[in-house]
Amino acid sequence: EAQVTQNPRYLITVTGKKLTVTCSQNMNHEYMSWYRQDPGLGLRQIYYSMNVEVTDKGDVPEGYKVSRKEKRNFPLILESPSPNQTSLYFCASSSSRGGSSGRWNEQFFGPGTRLTVL
Amino acid sequence: AQSVTQLGSHVSVSEGALVLLRCNYSSSVPPYLFWYVQYPNQGLQLLLKYTSAATLVKGINGFEAEFKKSETSFHLTKPSAHMSDAAEYFCAVSPTSYDKVIFGPGTSLSVIP
């Protein structure tokens with residue numbers, strides 16, 4: 001089954017304790033992205049990756065790190081979490097540039113990770 | 001910079017009534033446009049997308065949206081609401097030149113029996 005998986009689904013942690021949220025897709029997608037969802041703000045992009053070893057900042061990258069060593073995995077790292085990073089996080093993937101038409105393809109979303117930083 | 005606005009953070013309709021969720025975008029060129037739906041405690045899934053092939057786009061679950069360049073709008077409609085349509089709906093825009101998607105703030109749809 002084609003899917004994007006995230007782990008953990010729920011996490012409660014304390015300020016300053018490093019954590020990693022994993023994201024994996026089995027669709028051989030080139031493009032992967034992390035979003036955070038906050039009430040009234042919709043989804044805001046944190047980081048994205050167009051392929052292995054290629055990452056770039058989204059709209060709200062401060063306090064986050066990512067890596068893309070393998071095509072299927074795109075972990076999100078919070079080196080020193082703070083309470084303002086309490087949010088619902090989504091990983092997404094898509095096939096880059098939609099083939100010969102050059103059109104943007106559908107993003108497939110993971111189930112989300114609800115993070116609480118105390 | 002591109003942006004997306006969705007008029008109405010919360011919309012309530014009666015079961016069987018017309019659903020209309022509004023989306024306006026700002027862009028210097030015609031972008032790619034999307035509607036996503038998020039059911040409670042789930043991730044987002046694509047309802048439909050506009051990629052310049054046709055201005056009226058049909059999606060899943062009876063939804064459709066019309067791209068109006070003159071109004072920079074991409075409103076989502078469904079002729080008859082069903083209880084299962086209750087969810088959060090997000091309009092999104094992507095520029096033509098690179099792989100970035102900007103989401104609107106979302107509209108929560110309630111369906112009243």
Side-chain angles (χ1 to χ4, degrees), chain A residues 2-7 9-10 23 25 29-51 54-61 68 74 88-114, chain B residues 1-10 21-25 27 29-54 57 59-60 65 67 74 87-108:
Chain A
Q3 61 182 349
V4 178
T5 58
Q6 295 179 227
N7 283 292
R9 293 290 311 278
Y10 302 90
C23 172
Q25 50 93 6
H29 284 166
E30 296 87 359
Y31 183 91
M32 298 185 74
S33 181
W34 276 103
Y35 298 89
R36 59 176 291 173
Q37 182 180 16
D38 302 290
L41 297 177
L43 276 79
R44 293 179 292 168
Q45 192 176 47
I46 302 170
Y47 269 94
Y48 63 97
S49 168
M50 292 193 178
N51 215 323
V54 181
T55 64
D56 207 349
K57 297 178 180 179
D59 297 315
V60 288
R68 187 89 183 273
F74 191 46
L88 180 58
Y89 291 85
F90 288 102
C91 180
S93 74
S94 69
S95 177
S96 182
R97 296 176 178 82
S100 59
S101 67
R103 291 176 170 171
W104 179 251
N105 255 350
E106 170 186 354
Q107 290 199 64
F108 290 82
F109 282 81
T113 295
R114 187 168 292 281
Chain B
Q2 299 207 342
S3 65
V4 179
T5 57
Q6 293 182 241
L7 185 63
S9 59
H10 190 89
L21 303 182
R22 299 178 186 274
C23 172
N24 288 87
Y25 67 91
S27 175
V29 296
Y32 300 142
L33 294 158
F34 310 83
W35 275 99
Y36 283 85
V37 61
Q38 182 182 30
Y39 298 105
N41 299 314
Q42 294 186 27
L44 282 73
Q45 64 181 83
L46 185 71
L47 267 181
L48 49 83
K49 62 181 178 183
Y50 166 77
T51 56
S52 77
V57 182
I60 62 172
F67 171 68
F74 190 56
E88 187 91 16
Y89 292 81
F90 293 95
C91 183
V93 61
S94 178
T96 57
S97 59
Y98 67 103
D99 303 317
K100 181 175 174 63
V101 179
I102 300 165
F103 286 84
T107 296
S108 177

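Hydrogens, waters and symmetry mates are skipped; everything else that's a heavy atom, side chains included, is used. Note on naming: letters A, B, ... go to the chains in the order of the sequence lines (proteins, then strands), and numbering restarts at 1 for each one.
Atoms CZ and CG, on Arg9(A) and Asn41(B) in that order, are 8.0 Å from each other to the nearest 0.5 Å. The CD atom of Gln38(B) sits 4.5 Å away from the CZ atom of Phe90(A) when rounded to the nearest 0.5 Å. A distance of 5.5 Å separates OH of Tyr36(B) from CZ of Phe109(A), quoted to the nearest 0.5 Å. With values rounded to the nearest 0.5 angstrom, Gln37(A) atom CD is found 6.5 Å from Glu88(B) atom CD.
If you measure heavy-atom distances from Gln6(B) to chain A, you find no contacts under 4.5 Å at all. Looking at Leu43(A), both its backbone and its side chain come within 4.5 Å of chain B, counting heavy atoms on both sides. Heavy-atom distances place no part of Asp56(A) under 4.5 Å from chain B, backbone and side chain included. Neither the backbone nor the side chain of Gln6(A) comes within contact range of chain B; no heavy atoms are under 4.5 Å apart.
In this view, Arg68(A) and Ser49(A) satisfy the side-chain hydrogen bond (donor to acceptor under 3.5 Å, both in side chains) rule, not counting sequence neighbours. Take Asp38(A) and apply the side-chain hydrogen bond (donor to acceptor under 3.5 Å, both in side chains) test, not counting sequence neighbours, and it matches Arg36(A), Arg44(A), Ser87(A).
Listed here is the closest heavy atom pair of Gly40(A) and Pro105(B): O-CB, 3.6 Å.
In this structure the side chain of Val101(B) never reaches within 4.5 angstrom of the side chain of Tyr48(A), judged on heavy atoms.
The 12-atom threshold is not exceeded at CG of Leu7(B), counting heavy atoms of other residues, nucleotides or ligands nearer than 6.0 Å.
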